[in-house]
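Heads up: the structure comes next, in structure tokens.
So you know, we letter chains A, B, ... as the sequences are listed, proteins then strands, and number each from 1. None of the values given here were measured: they were computed from a predicted structure.
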2 protein chains.
Amino acid sequence: MNDFFQKEFTTGQFAALYGVNKRTLMYYDSIDLFKPAIVKKNGYRYYTYGQSVFFDVIQLLRKLRLPLEEIKKHLAHCTPQKTRTLLYNQSQMLEQELAELMWLQKVVQNKISRMEAKPEIDYSKIEIIESKAQAIVTSEPTSKISMEQVMKITLKFMRDCYHTRTYNGYPLGYMMDAEKMQQGDFSQLTNCFYHIDENHSEAVNWTYKPAGRYLVGYYKGSWTNMDPALQQLTDYANGHGLTFTGNAYLENILDDTAAVEDYYYCEAKISILLK
Amino acid sequence: MNDFFQKEFTTGQFAALYGVNKRTLMYYDSIDLFKPAIVKKNGYRYYTYGQSVFFDVIQLLRKLRLPLEEIKKHLAHCTPQKTRTLLYNQSQMLEQELAELMWLQKVVQNKISRMEAKPEIDYSKIEIIESKAQAIVTSEPTSKISMEQVMKITLKFMRDCYHTRTYNGYPLGYMMDAEKMQQGDFSQLTNCFYHIDENHSEAVNWTYKPAGRYLVGYYKGSWTNMDPALQQLTDYANGHGLTFTGNAYLENILDDTAAVEDYYYCEAKISILLK
DNA sequence: ACTTGACTATACAGTTACTGTATAGTTTAT
DNA sequence: ATAAACTATACAGTAACTGTATAGTCAAGT
């Protein structure tokens, strides 16, 4: 049994046994991470079964994203205590990575769902819709500041939502003061917002787009030329004796990922809360 | 508003805005992935807010592990349909990665728990223990074949358990025919096995180490010199009128990750089912 | 003994997605 | 006018392999 553990395998054989590339074994040899049990005088490397545990450990630590250099250091002075600490740290790291991946997965799933569910929209239609409350996160206020500042705040908001994993894959929206809008002032964006999944987002300070009756219209065209559409909605409201209250919500319909070609082009849903 | 989108940022400013390294922007320029809106005649690159959506998409696809070359190709002929397919494929990939990571996390957690829970063992103690059934997976039979073949099967078993994520981080064990053992034949390992988490393992064909009364002894020393310990247990059984039945289980106590120094050294628990 | 095919080793280059650094030129603030 | 702060380019380096060309070695068959 003893000499059996010593049975010699060439690089190719040992590599095949473990399903790795033999150049990897040579590489590990060259960086002194995992060396053959013996090198014969013709230069041929020979590995043994006895080395398998060692090799397995390397493979595991590799999977745990530990750099080869760290693995080497660890194996050089490896105590049960140190091993425990190492595993614990890597496990913490894995946890982070898992959280990130699960979030990403959710984001992508939501984007896909939205793409698949996209209905045919009559962009000239104006309607009144009874809507449930929807969870959103909002940015800092953007009213009464320069467009430059608005953009800065928007970018910061987007970056923050991304990093804090508040973002759930829904497109960005903007809010306006609905009462000002009714007075014909379309210039003041009060803030921007994201829809979020009430149950799954890691958002901390989120609110609702309130439940209620909304006047809803659609728009497609250049980002920079939306005012006539807003005017049309306002006219409609005034012509039908409707009173705006609270906020107007400009929500992108197209997902960012899909609408890359022309960055001025947008399709948006405009909903304004009615009294 | 129009000229506002055109507002120019130098490489450094744009990089700071998005929290990336400015050399990265230069790199993206050099590989024609993301180029500045304008390059002035002094060679300075200028980026604009209008490019931000494009850049965001690149960042997202990057997070989804899509290589830069693929991102480039995709953005070159990007339709909603293609985007959907792409996102779907990457999401499938993420799912794989998530499954792998969650398994790894479980493996590491189990290893850590075992290390922390390791009791002080009196290795000379022999006792009779009432044990519950424990979930295990077993390898192909290894009896009546050469030691070489046994090792091959063992390695294959380990590799399989690893790749199918059946392995849950518990050390390898070996089984022997308990009746043959009582007759003094310690040579025949019937197969090897892993303990698994009944609820969490992805194992397909698993069985139980049966509930019942076990004669339990311990061993520490060379792997190749365990026979005297087995003899001692057998003698004890014969001296106390105990009859072996079913299988004997040789279970490693040390985790592979922690016991790397000397690959002959092992600490094992030997439990033999009693009639 | 000789040839053939299958292996081995080394050296060198290439991969991906950056990042660092040295050098030289440009802009901006004082 | 000058210094500080920026810009650009060229070149090299990173990690963890992987591919390839070349040359040497081994085992089997004739």
Side-chain angles (χ1 to χ4, degrees), chain A residues 7-48 51 54-75 90 93 97 100 104, chain B residues 7-48 51 54-75 90 93 97 100 104:
Chain A
K7 170 154 200 249
E8 293 164 5
F9 295 94
T10 64
T11 312
Q13 290 166 337
F14 196 81
L17 228 49
Y18 283 87
V20 297
N21 191 307
K22 61 180 176 173
R23 297 283 293 105
T24 302
L25 288 176
M26 291 184 186
Y27 176 65
Y28 283 3
D29 183 7
S30 79
I31 61 165
D32 298 326
L33 173 64
F34 181 66
K35 304 188 90 60
I38 16 167
V39 179
K40 297 215 172 144
K41 52 186 169 297
N42 59 8
Y44 279 32
R45 295 170 181 83
Y46 291 94
Y47 297 86
T48 65
Q51 300 183 271
F54 203 92
F55 191 64
D56 282 339
V57 172
I58 291 173
Q59 302 258 79
L60 177 71
L61 296 181
R62 241 343 353 248
K63 270 202 192 282
L64 294 175
R65 284 29 176 185
L66 200 65
L68 297 188
E69 200 51 42
E70 301 283 312
I71 297 180
K72 204 170 124 184
K73 265 190 232 154
H74 174 73
L75 293 177
Q90 293 313 103
M93 218 215 54
E97 213 170 316
E100 163 102 3
L104 251 183
Chain B
K7 172 160 199 242
E8 292 163 6
F9 295 95
T10 64
T11 313
Q13 289 166 336
F14 197 80
L17 228 47
Y18 283 87
V20 299
N21 192 308
K22 61 179 177 175
R23 297 284 292 104
T24 302
L25 289 176
M26 291 183 185
Y27 176 65
Y28 283 3
D29 183 7
S30 78
I31 61 166
D32 297 326
L33 172 65
F34 181 67
K35 303 187 91 59
I38 18 167
V39 179
K40 299 214 172 147
K41 52 185 170 295
N42 59 7
Y44 279 32
R45 296 170 180 84
Y46 290 95
Y47 298 86
T48 64
Q51 299 183 271
F54 203 93
F55 192 65
D56 281 339
V57 172
I58 291 172
Q59 302 259 77
L60 178 72
L61 296 181
R62 246 331 5 244
K63 271 204 192 280
L64 294 175
R65 281 39 173 178
L66 200 66
L68 297 188
E69 200 52 41
E70 302 283 312
I71 297 179
K72 204 169 123 185
K73 265 188 233 154
H74 174 74
L75 293 178
Q90 293 312 104
M93 216 216 56
E97 212 172 316
E100 162 104 4
L104 250 183

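Less than 4.0 Å separates DNA chain C from at least one heavy atom of each of the following residues of residues 19-27 of chain B: N21(B), R23(B), T24(B), Y27(B). Annotation: proximity of residues 58-71 of chain A to DNA chain C (heavy atom, distance under 4.0 Å) is found for no residue.
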Name the atoms and distances for all side-chain donor-acceptor pairs under 3.5 Å in residues 11-18 of chain B, with sequence neighbours left out.
| from | atom 1 | to | atom 2 | distance (Å) |
| --- | --- | --- | --- | --- |
| Q13(B) | OE1 | T10(B) | N | 2.9 |
| Q13(B) | OE1 | T10(B) | OG1 | 3.4 |

Taking only distance into account, with no hydrogens and no angle test, what donor-acceptor pairs under 3.5 Å do side-chain atoms of residues 64-71 of chain B form with protein atoms, sequence neighbours excluded?
| from | atom 1 | to | atom 2 | distance (Å) |
| --- | --- | --- | --- | --- |
| R65(B) | NE | E97(B) | OE2 | 3.3 |
| R65(B) | NH1 | K63(B) | O | 3.1 |
| R65(B) | NH2 | E97(B) | OE2 | 3.0 |

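Rounded to the nearest 0.5 Å, atoms CD1 (I58(B)) and CG (L60(B)) are 11.0 Å apart.
Between chain A and DNA chain D, the heavy-atom contact criterion of under 4.0 Å yields a 5' to 3' nucleotide range of dA16(D) to dC26(D).
Remark: T10(A) is in phosphate contact with dT8(C), judged by side-chain N or O atoms under 4.0 Å from OP1 or OP2.
Between F9(B) and T48(B) the shortest heavy-atom distance is CD1-CA, 4.4 Å.
Checking each of Y47(B), Y27(B), Y28(B) against F34(B) for a ring-ring contact (aromatic ring centres under 6.0 Å, His included) leaves exactly one that passes, namely Y47(B).
Sequence neighbours left out, not one pair with a member in residues 9-21 of chain B passes salt bridge (charged side-chain N to carboxylate O under 4.0 Å, His left out).
At least one donor-acceptor pair under 3.5 Å links the side chain of Q51(A) to the backbone N or O of A37(A).
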Which atom pairs link the protein and nucleotides 24-28 of chain C when you take only N or O atoms and keep those under 3.5 Å?
| from | atom 1 | to | atom 2 | distance (Å) |
| --- | --- | --- | --- | --- |
| dG25(C) | N2 | Y44(B) | OH | 3.2 |
| dT26(C) | O4' | Y44(B) | OH | 3.4 |
| dT27(C) | OP1 | N42(B) | ND2 | 2.8 |

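In this structure, the side-chain contact (heavy atoms from CB on, under 4.5 Å) partners of K40(B), at least two apart in sequence or on a different chain, are E8(B), I38(B), N42(B), Y46(B). Looking at residues two or more places apart in sequence or on another chain, you find a side-chain hydrogen bond (donor to acceptor under 3.5 Å, both in side chains) between K35(A) and D29(A), D32(A).
A heavy-atom distance below 4.5 Å is not found between the side chains of R45(A) and L25(A).
If you measure from atom OH of Y47(A) to atom C1' of dT8(C), you get 12 Å, rounded to the nearest angstrom.
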